[in-house]
There are 2 protein chains.
Amino acid sequence: MAVSPTLEQQLCFALYSASRAMTARYRPLLDELGLTYPQYLVLLALYERDGRTVKELGEELRLDSGTLSPLLKRMAAAGLLRRTRSADDERSVVVELTDEGAALRGRVAEVPGGLFRDTDVTVAEIADLRARLQDFLARI
Amino acid sequence: MAVSPTLEQQLCFALYSASRAMTARYRPLLDELGLTYPQYLVLLALYERDGRTVKELGEELRLDSGTLSPLLKRMAAAGLLRRTRSADDERSVVVELTDEGAALRGRVAEVPGGLFRDTDVTVAEIADLRARLQDFLARI
DNA sequence: TGCAATTAAGTTGTGCACAACTCGAAGTGG
DNA sequence: CCACTTCGAGTTGTGCACAACTTAATTGCA
């Protein structure tokens, strides 16, 4: 019979609390831009490639339409992006940055910079941890 | 001027998506027990030490009363635990397992076992990643 | 001792996540 | 050509997270 696992031993809890701690670090910076963390991710995705469909965004961010539809609606209401039905496939909705959304690019790019300034966390450590997580994610 | 970071490069996004992927793996197993992931964490915490206050649970799980109060209420409604005002400090609420909650211990302990059975992820790799995350978390 | 400050839990409101579902559009085989 | 299936987006309902606030109990100090 299995012994009760402790919270301490659980990778899942470590991921869960580290993820929340990270987004908590981002929050004050994103508040200044009027963004939530998932909204920030949507902007990053659109800065990489603008004019993608909801489905394509969902694949990159691993979010379904139940999450993305209302989120994109809020961002459209905030004037950051535009949603238009695709002409060649009326099922799809194309998401494009507005001028206002594009104008945020510089300020958004500044966000990750100051996150670890007052810690002893190194760039190499961050890159290594990220690589390990991506490798792990790809294998489960 | 900072270049726009890509999603790919972001540790935060790696944490965020890995965390969601892990809880998605737990979900079908927890569904069988009628538990959500945070509820499962509360049970683990109580199996470690029963009869703790809401505040103490919140410190271990890093959750505030705004999250825990309704969550514990649902678990109490499900018959898994009991909430009672502390006698020596009427501000505190002590959370204790019911017989039904304690009886789940065996089945809860079985949950992490099968998670990586059909992958090539090793126990050592899991332990190493967890240790790195905990170290990282402690330093930010 | 009295009372202002602090503390613990709970409430309210917003925004994700995600399951389950609806709806209309697009592919598909007979 | 048409029923049938699949597909993309959106809606509904539940349960976290978390900020901001309320309430009641306790603490601390002038």
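The sequence lines fix the lettering, A, B, ..., with proteins before strands; numbering per chain opens at 1. FYI, side chains are in, hydrogens and waters are out, and symmetry mates aren't considered; it's all heavy atoms of this structure.
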Quick one: [X] [atom1] to [N] [atom2], roughly how many Å, whole number?
X	N	atom1	atom2	value
B:Glu56	C:dA8	CD	P	10 Å
B:Asp89	C:dA9	CG	P	8 Å
A:Arg85	C:dA26	CZ	C1'	13 Å

Taking the side chain from [X] and the backbone from [Y], do they hold a donor-acceptor pair closer than 3.5 Å?
X	Y	answer
A:Arg52	A:Ala45	yes
B:Thr98	B:Gly79	yes
A:Ser19	A:Tyr16	no
A:Arg85	A:Arg91	yes
A:Arg62	B:Ala21	no
A:Asp64	A:Thr67	yes

DNA chain D: 5'-proximal contact among B:Asp88 and A:Ser92 (nearest heavy atom): A:Ser92
B:Glu90 or A:Gly66, whichever maps to the more 5' nucleotide of DNA chain D: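 Of the two residues, A:Gly66 wins.
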CA sep, side-chain torsions, deciding dist, call: A:Arg49, A:Glu60, salt bridge (charged side-chain N to carboxylate O under 4.0 Å, His left out): CA-CA 11 Å; A:Arg49 187 151 39 92; A:Glu60 174 142 22; 5.2 Å; no
Residues from residues 29-43 of chain B lying under 4.0 Å of DNA chain C - heavy atoms: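 None - not one residue of the stretch has a heavy atom sitting under 4.0 Å from the strand.
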Within residues 71-80 of chain B: residues closer than 4.0 Å to DNA chain C (heavy atoms):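 Residues of residues 71-80 of chain B that come under 4.0 Å of DNA chain C are, in numerical order, B:Lys73.
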Sugar-phosphate, base or nothing in reach of A:Thr23, heavy atoms under 4.0 Å: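 The residue A:Thr23 makes no contact with any strand.
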Contact nearer the 5' end of DNA chain C, comparing A:Thr67 with B:Lys55: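 Mapping each residue to its closest nucleotide by heavy atoms, the 5'-most match is B:Lys55.
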A:Tyr40 and A:Tyr26 aromatic ring geometry - parallel, tilted or perpendicular at 30°/60° bounds: tilted
Stacked cation flag A:Arg132 on A:Phe136, 6.0 angstrom / 45 deg: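 Because its charged atom misses either the 6.0 Å distance or the 45° angle limit, A:Arg132 does not stack over A:Phe136.
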Outermost nucleotides of DNA chain D that come under 4.0 Å of a non-hydrogen atom of chain B: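 It runs D:dG15 to D:dT26.
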A:Asp99 atom CG, neighbour heavy-atom count above 12 within 6.0 Å: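 Count not over threshold, so no.
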Test side-chain contact (heavy atoms from CB on, under 4.5 Å) applied to B:Leu133 and B:Leu15, step by step: CA-CA 10 Å; B:Leu133 284 169; B:Leu15 279 170; 3.5 Å; yes
